[in-house]
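Numbering of ligands and ligand atoms starts at 1, following listing order.
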Amino acid sequence: MAKINIAIDGLSGCGKSSTAKAVAKTLGYKFIDTGAMYRAVTLYVLNEAVDLTSKESVIQALEQITIDFRYNQESQKNETFLNGQNVEEEIRSMRVAGSVSQVAAIKEVRVAMVAQQQQMGKDKGVVMDGRDIGSVVFPEAELKLFMTASTEVRAKRRQAELREKGEEVALDEIMKNLEERDRIDSTRDESPLIKVEDAIEVDTSNLLFEEQVQKVLDLALQRI
Ligand code: C5P
């Protein structure tokens, strides 16, 4: 069977990564969570107290950063490593979520991440989720999706995820963070989040997780 690339873009917290992961598993494809890469850069910058308001400082810090994904047999998932250290948990915190869009708006950060992402998907058979996959990383992807959901639904899902990890955050705070990230991501100069013409929109507000996975799988199977 011919392999394709599947690009999943969309709003923050609408289930792109979990859907992409499940679809990749069923198809035997590689799942790549590009948000994790921008989060890892942000974690480094925060931990090293790099001045976030100085683009030059963030760009300089980039030279010290190596990001890779490694498969964990136990959790059966790819985990994010920053300079050889597992940061999978830490990058999901509200601390990182609060600054990631600012870091991701810097052109040089994007150029470095996109080059690595294109390398990972060059042989096809990849399900990649992010904000610019269909527009910049893989404009030739055989299937492009644009996922959305209401802010409240997204915030409730994110709150449950954080709670599972022991982080208790008010719904309001999460809603504000999601809206703020969507605003910055959609209005930035460098590869803003857009729905490209050939992307299929999937609103997950009223879909069960299994339904949203099945929908993407059906669309993928039509193209394989
Ligand atoms: O997907 P996730 O919510 O983990 O992404 C975190 C942030 O990383 C986004 O809000 C966005 O600012 C940035 N991002 C991006 N381009 C991508 C993936 C994520 O700018 N391809």
Side-chain angles (χ1 to χ4, degrees), residues 5-21 24 31-46 52 55 58 62 65 67 69 77-80 82 87-121 126-139 141 144-149 151 153-155 157-159 161-162 165 167 169 173-196 199 204:
N5 275 345
I6 303 174
I8 306 185
D9 292 301
L11 302 177
S12 290
C14 60
K16 297 185 300 294
S17 291
S18 34
T19 306
K21 194 192 322 178
F31 156 59
I32 295 155
D33 171 3
T34 64
M37 299 171 72
Y38 293 95
R39 286 171 180 268
V41 174
T42 307
L43 179 68
Y44 180 89
V45 161
L46 291 173
L52 267 173
K55 271 190 198 176
V58 177
L62 263 185
I65 298 175
I67 298 166
F69 295 106
K77 63 177 195 182
N78 267 325
E79 295 182 341
T80 316
L82 167 64
V87 292
E88 185 59 34
E89 286 282 304
E90 255 183 293
I91 57 169
R92 312 286 165 196
S93 64
M94 283 302 280
R95 174 173 167 251
V96 170
S99 298
V100 63
S101 289
Q102 201 179 338
V103 172
I106 300 171
K107 181 180 175 189
E108 286 78 359
V109 172
R110 306 204 66 81
V111 168
M113 297 303 115
V114 168
Q116 201 176 337
Q117 291 152 12
Q118 287 175 331
Q119 188 61 26
M120 292 190 264
V126 156
V127 187
M128 194 175 276
D129 87 285
R131 304 293 184 290
D132 59 343
I133 312 306
S135 58
V136 176
V137 182
F138 295 124
K144 299 181 189 179
L145 298 163
F146 189 84
M147 286 178 69
T148 62
T151 312
V153 166
R154 292 187 281 141
R157 289 180 189 157
R158 185 48 52 92
Q159 190 183 42
E161 274 170 25
L162 288 166
K165 290 179 189 148
E167 193 175 350
V169 188
E173 191 186 333
I174 300 176
M175 284 174 76
K176 265 194 220 133
N177 173 261
L178 292 174
E179 280 171 348
E180 180 62 1
R181 281 202 282 142
D182 290 342
R183 189 189 63 74
I184 300 175
D185 295 344
S186 311
T187 57
R188 68 189 176 208
D189 291 336
E190 290 305 322
S191 27
L193 169 66
I194 47 158
K195 178 185 170 296
V196 288
T204 70

Any idea which protein heavy atom is nearest atom 13 (C) of ligand 1, and the distance to it?
A104 CB, 3.7 Å
Close side-chain approach of S99 to L46, heavy-atom, < 4.5 Å:
yes
Is there a heavy atom in R110 that sits closer than 4.0 Å to ligand 1?
yes
Using a 4.0 Å cutoff against the non-hydrogen atoms of S12, which atoms of ligand 1 qualify?
10 (O)
Compare all side-chain heavy atoms of D129 with those of T34 and state whether any distance is below 4.5 angstrom.
no
At under 4.0 Å between heavy atoms, is it the side chain or the backbone of R131 that contacts ligand 1, or both, or neither?
both
Can you confirm whether more than 12 heavy atoms, excluding those of K55, are under 6.0 Å from its NZ atom?
no
Part of R39 with heavy atoms under 4.0 Å of ligand 1, whether side chain, backbone, both or neither:
side chain
At under 4.0 Å between heavy atoms, what of S101 touches ligand 1? The answer is both
Begin from the C-alpha positions of E180 and R183 and carry the test salt bridge (Lys or Arg N to Asp or Glu O under 4.0 Å) through to its verdict.
CA-CA 5 Å; E180 180 62 1; R183 189 189 63 74; 2.9 Å; yes
Hey, is R188 one of the residues with a heavy atom under 4.0 angstrom from ligand 1?
yes
Ligand 1 atoms nearer than 4.0 angstrom to some heavy atom of V100 are 6 (C), 7 (C), 8 (O)
